[in-house]
Amino acid sequence: MTPAFIGYQRDVSITKPAGERTVWQELGTAGRRFVPWWFAVGVVVVLLGLLITRVLETTAFADADAGLDKWLEKQRTPTGETLTHFGTLFGETPTIIGLTAITVVVFRLVFHRWRESVILAICVTGQAVIFLVTTMLIDRERPPVRHLDDSPPTSSFPSGHTAAATAYYVGTALIVAWHTRQVWLRWLLVVVGVLIPITVASCRMYRGMHYPTDTGTSFLLGLALLTIAFLALPLSGGRPDEDRDRRRRRVATSPSTAEMARTQP
């Protein structure tokens, strides 16, 4: 072994930084804290689908639900059809998968930990699983208008484009905003993050692919998963050394056993 190589070994360490949680630790925490609530959200979405398609299907509510799509069909123009085509691309499955994969890697490199990456990954994955299961249980036909896109072999409820766009764009905006010091930039990021899925939902309805209840439920689905993820994996934590420091502070500030014994009557 050459002296140069020995010197290189002394100066370079390939081990992870002290106190950094591994991706498996973060996923384990997410599994314990996130999955039960994620399952509950999925049950609520399915129940909403059954309510809309079985209970309210022949009521005035259903007529109003389809009324917006019929009105949008009358407003169509060649320019509008072109713009909404590009608008839906923001929520396409290949787009979301590609952007999520890239963002997960970028978050890991920029923030030097796995928490942000895991939050985004579990939210995007969670909405996809709930979407697939729900479409298998809820067989809802597309709105009674001319469809501008090819219909995938899934039901109209919920909107996969809207749910995926909400989980990715709003999630990314919130994470980046949390790490941003400028208040105006935080608000700008969040506003843009929210506007993108709303745009995707509007484009999908304009093109006759979803009812308002489809897109509205999907938007709430994405927000619910993000809320649960940020509560289960708060961005302010995530490092074992921080947890140890908090425990030490609690021990230091709490009265000792001897002091408590002396104060007893």
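This is a predicted model, so every value here is computed, not measured.
- The closest side-chain heavy-atom distance from Asp69 to Pro212 is below 4.5 Å.
- Under the 4.5 angstrom side-chain criterion for Ile, Leu, Val, Met, Phe, Trp and Tyr, Leu148 has no cluster partners at all.
- Minimum interatomic distance between Pro158 and Ser218 (heavy atoms only, all atoms of both residues): CB-OG, 3.1 Å.
- Grouping Ile, Leu, Val, Met, Phe, Trp and Tyr by side-chain contacts under 4.5 Å, direct or through others, puts Phe61 with Leu51, Val55, Leu56.
- Tyr206 is listed as a side-chain neighbour of Arg76, based on a closest heavy-atom distance under 4.5 Å.
- Nearest heavy atoms, Val200 versus Gly91: CG2-N, 4.1 Å.
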For residues 128-137, dump all side-chain donor-acceptor pairs below 3.5 Å to protein atoms at least two apart in sequence or in another chain.
{"unit_1": "Thr134", "atom_1": "OG1", "unit_2": "Ile130", "atom_2": "O", "d": "2.6"}
{"unit_1": "Thr135", "atom_1": "OG1", "unit_2": "Phe131", "atom_2": "O", "d": "3.1"}
{"unit_1": "Thr135", "atom_1": "OG1", "unit_2": "Leu132", "atom_2": "O", "d": "2.8"}

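- Pro143 and His147 get closest at one heavy-atom pair: O-NE2, 2.9 Å.
- Residues Tyr211 and Thr217 are not in side-chain contact: their nearest non-hydrogen atoms beyond the backbone lie 4.5 Å or more apart.
- Within the model, atoms OG1 of Thr172 and CD of Glu116 stand 11.5 Å from one another, a figure rounded to the nearest 0.5 Å.
- Between Arg54 and Glu57 there is no salt bridge, since no side-chain nitrogen of the basic residue lies less than 4.0 Å from a carboxylate oxygen of the acidic one.
- With Trp178 as the aromatic partner, Arg186 does not meet the cation-pi criteria of under 6.0 angstrom to the ring centre and within 45 degrees of the ring axis.
- Scanning all heavy atoms of the two residues, the minimum distance from Ile138 to Gly49 falls at CD1-C, 3.8 Å.
- Note: Leu223 CG to Ile228 CD1 = 11.0 Å, rounded to the nearest 0.5 Å.
- In the hydrophobic clustering of this structure, Leu220 does not group with Ile122; members are Ile, Leu, Val, Met, Phe, Trp, Tyr whose side-chain heavy atoms approach within less than 4.5 Å, directly or through other members.
- Residue Glu26 forms a salt bridge (Lys or Arg N to Asp or Glu O under 4.0 Å) with just one option from Arg108, Arg33, Arg115, and that option is Arg115.
- Salt bridge absent: Arg204 and Asp214 never bring a charged side-chain N and a carboxylate O closer than 4.0 Å.
- Looking only at side-chain heavy atoms (C-beta outward), Leu188 and Leu185 come within less than 4.5 Å of each other.
- Connection of Ile52 to Val145 is not established within any shared hydrophobic cluster, with ILVMFWY side chains joined at heavy-atom distances below 4.5 Å, either directly or through further cluster members.
- Residues Leu99 and Ile97 fall into different hydrophobic clusters, defined by Ile, Leu, Val, Met, Phe, Trp and Tyr side chains chained together at heavy-atom separations under 4.5 Å.
- Looking at Glu81 and Arg146, a side-chain N of the basic residue comes within less than 4.0 Å of a carboxylate O on the acidic one, giving a salt bridge.
- The structure places CZ of Arg207 at 4.0 Å from OG1 of Thr84, a figure rounded to the nearest 0.5 Å.
- Going from atom CG of Asp139 over to atom OG of Ser156 covers 10.5 Å, rounded to the nearest 0.5 Å.
- Rounded to the nearest 0.5 angstrom, Leu233 CG and Trp114 CH2 are separated by 14.0 Å.
- With side-chain heavy atoms closer than 4.5 Å counting as contact, directly or through intermediates, the hydrophobic cluster containing Phe86 also holds Leu89.
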Tell me which donor-acceptor pairs under 3.5 Å the side chains of residues 161-171 have, and how far apart each pair is, sequence neighbours excluded?
{"unit_1": "His161", "atom_1": "NE2", "unit_2": "Glu92", "atom_2": "OE2", "d": "3.4"}
{"unit_1": "Thr162", "atom_1": "OG1", "unit_2": "Ser159", "atom_2": "OG", "d": "2.9"}
{"unit_1": "Thr166", "atom_1": "OG1", "unit_2": "Thr162", "atom_2": "O", "d": "2.8"}
{"unit_1": "Tyr168", "atom_1": "OH", "unit_2": "Thr103", "atom_2": "OG1", "d": "2.7"}
{"unit_1": "Tyr169", "atom_1": "OH", "unit_2": "Phe90", "atom_2": "O", "d": "2.8"}

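- Hydrophobic clustering of Ile, Leu, Val, Met, Phe, Trp and Tyr side chains at less than 4.5 Å, counting indirect connections, unites Val176 with Ile102.
- Val183 belongs to a hydrophobic cluster with Trp187, counting contacts under 4.5 Å between side-chain heavy atoms of Ile, Leu, Val, Met, Phe, Trp and Tyr, direct or through other members.
- At a threshold of 4.5 Å between non-hydrogen side-chain atoms, the residues Leu231 and Trp37 do not count as touching.
- Of all non-hydrogen atoms in Arg140 and Ser155, the two that sit nearest each other are N-CB, 3.2 Å.
- Of the inter-residue distances, the one linking Thr88 atom OG1 with Met209 atom CE reads 9.5 Å to the nearest 0.5 angstrom.
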In sequence, state the C-alpha distance, the side-chain angles, and the governing distance for Ile119 and Phe107, and then conclude on side-chain contact (heavy atoms from CB on, under 4.5 Å). CA-CA 11 Å; Ile119 288 175; Phe107 279 173; over 6 Å; no

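- Linking ILVMFWY side-chain heavy atoms closer than 4.5 Å, directly or via other members, places Ile175 and Val104 in two distinct hydrophobic clusters.
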